[in-house]
Amino acid sequence: MGSSDAPQGSGVLRHAPRDQQWVPAAEPDPYAVEAIGQHVTHHFGPISYVWHELASDLVRIDIHVVTPTAERPFYTLVTDGMSDLAMSVPAEANDSPYAELMLCLPADWELSGDTFREDRNYWPIGLLKSIARLPHEYNTWIGLWHSVPNGDPPSPYLPGVPFAGALVAPMLRCDPSAHVIKTESGKDISLLALVPLHPAEVALKVRSGTDALLDALATVEISELFSPTRPSAV
């Protein structure tokens, strides 16, 4: 996976059970709402529809959906709402405290009709939502090259799904200017991709760090476009 961004998140995000109960979502940032919509349209194509959360804990996580086109023959999903609150970014990280997440799904992925809410189709959407809410639940942050295992020890998201965690990575299938969303109020929002990982890939990151994982991933074809049948790089 090629990128000009140097690895910086060498650890794995693990958190104790949350003490807080459900907290009503923060008020949406109208400048961010407008900027995210314009950014998605400009870089990925017209927004076909938005999945709106009806009840949200801490932050509302809506998802913009861009359907496949000739230029981008796959679905593009982008969160909207993670950036309503600032993350707790350490000063030495020098990253924006605001972020949104995205991933792409193959054109034949079932995102409509009666089967959309079935776990086998919905789990990538649930992954976007859970990781987008995570930094606000645990007073932490999400940055490039962080990885988030599905449990400890990591387990597959679903029976029959060979992925047990996700890597936060830069987008590759777009212009570099798509990596940051700028609002009229002066907020810079990092737009970060999620790349699902096999259990052995998560274990390599834990055992040997980011550079070892990236070296392994360089042997397979990965990007923000999720490949449900890709083999493990480890």
Side-chain angles (χ1 to χ4, degrees), residues 1 3 5 7-20 56-59 61 63 77-90 93 95-105 119 122-158 161-172 179 189-214 216-217 220 222-228 230 232-234:
M1 182 172 189
S3 171
D5 300 287
Q8 51 184 280
S10 60
V12 174
L13 295 178
R14 288 194 180 95
H15 301 282
R18 177 182 167 194
D19 293 331
Q20 284 180 301
S56 302
D57 183 21
L58 294 168
V59 288
I61 306 296
I63 297 184
L77 280 57
V78 180
T79 65
D80 181 344
M82 180 182 177
S83 60
D84 286 342
L85 295 176
M87 300 183 292
S88 298
V89 179
D95 280 17
S96 171
Y98 303 101
E100 297 290 349
L101 304 177
M102 66 85 68
L103 59 74
C104 300
L105 294 173
D119 288 345
Y122 187 78
W123 73 266
I125 293 88
L127 179 65
L128 279 171
K129 286 177 172 284
S130 64
I131 295 184
R133 192 168 276 115
L134 184 149
H136 307 304
E137 290 181 300
Y138 299 105
N139 194 34
T140 185
W141 65 297
I142 296 288
L144 283 178
W145 311 121
H146 284 170
S147 57
V148 185
N150 186 44
D152 189 8
S155 60
Y157 291 111
L158 286 174
V161 171
F163 298 96
L167 178 70
V168 182
M171 299 180 293
L172 300 180
H179 292 186
I189 303 170
S190 298
L191 184 53
L192 307 170
L194 293 185
V195 176
L197 297 176
H198 287 269
E201 294 166 344
V202 177
L204 177 62
K205 173 75 179 293
V206 173
R207 183 176 66 251
S208 303
T210 299
D211 288 338
L213 175 61
L214 295 183
L217 292 177
V220 295
I222 68 164
S223 70
E224 66 267 30
L225 176 55
F226 173 54
S227 174
R230 81 162 177 88
S232 175
V234 178

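Here the CD-CG distance, from Glu224 to Leu101, works out to 13.0 Å after rounding to the nearest 0.5 Å. Atom SG of residue Cys104 and atom CE of residue Met171 lie 9.0 Å apart, to the nearest 0.5 angstrom. Here Leu128 contributes atom CG and Arg133 contributes atom CZ; the two are 11.5 Å apart, rounded to the nearest 0.5 Å. Between the CG atom of Asp80 and the CD1 atom of Ile61 there is a distance of 8.5 Å, given to the nearest 0.5 Å. Annotation: the span from Phe163 atom CZ to Leu197 atom CG amounts to 8.5 Å, rounded to 0.5 Å. Taken from NE2 in His146 to CG in Leu167, the straight-line distance is 10.5 Å, to the nearest 0.5 Å.
Considering all non-hydrogen atoms of both residues, Met87 and Ala99 come closest at CE-CB, 3.7 Å. The shortest heavy-atom contact between Ile189 and Ser83 is CD1-OG, 3.5 Å. When all heavy atoms are compared, the tightest approach of Ala216 to Ala233 is O-CB, 3.3 Å. The minimum heavy-atom distance between Ser208 and Ala212, with the atom names listed, is CB-CB, 3.5 Å. The minimum heavy-atom distance between Pro156 and Asn150, with the atom names listed, is O-ND2, 3.4 Å. Contact detail for Ser223 and Val195: the closest heavy-atom pair is O-CG2, 3.8 Å.
Within the 4.5 Å cutoff, side-chain heavy atoms of Glu201 are placed close to those of Leu217. Taking the side chain as every heavy atom from C-beta outward, Lys205 and Thr210 approach each other to under 4.5 Å. Within the 4.5 Å cutoff, no side-chain heavy atoms of Met82 are placed close to those of Val59. Looking at heavy atoms from C-beta onward, Val168 lies in side-chain contact with Leu194 at the 4.5 angstrom threshold. Side-chain contact check for Pro135 versus Thr140: some heavy-atom pair is nearer than 4.5 Å. The side-chain heavy atoms of Leu213 and Trp145, taken from C-beta on, include no pair separated by under 4.5 Å.
Under the 3.5 Å distance criterion, the side-chain polar atoms of Ser96 are matched with a main-chain donor or acceptor of Tyr98. Between the side chain of Tyr157 and the backbone N or O of Pro162, no donor-acceptor pair lies under 3.5 Å. Between the side chain of His136 and the main chain of Asp57, no donor-acceptor pair closer than 3.5 Å is present.
Considering Leu144, Val89, Ile142 as possible partners of Asp95, the one that fulfils the side-chain contact (heavy atoms from CB on, under 4.5 Å) test is Val89.
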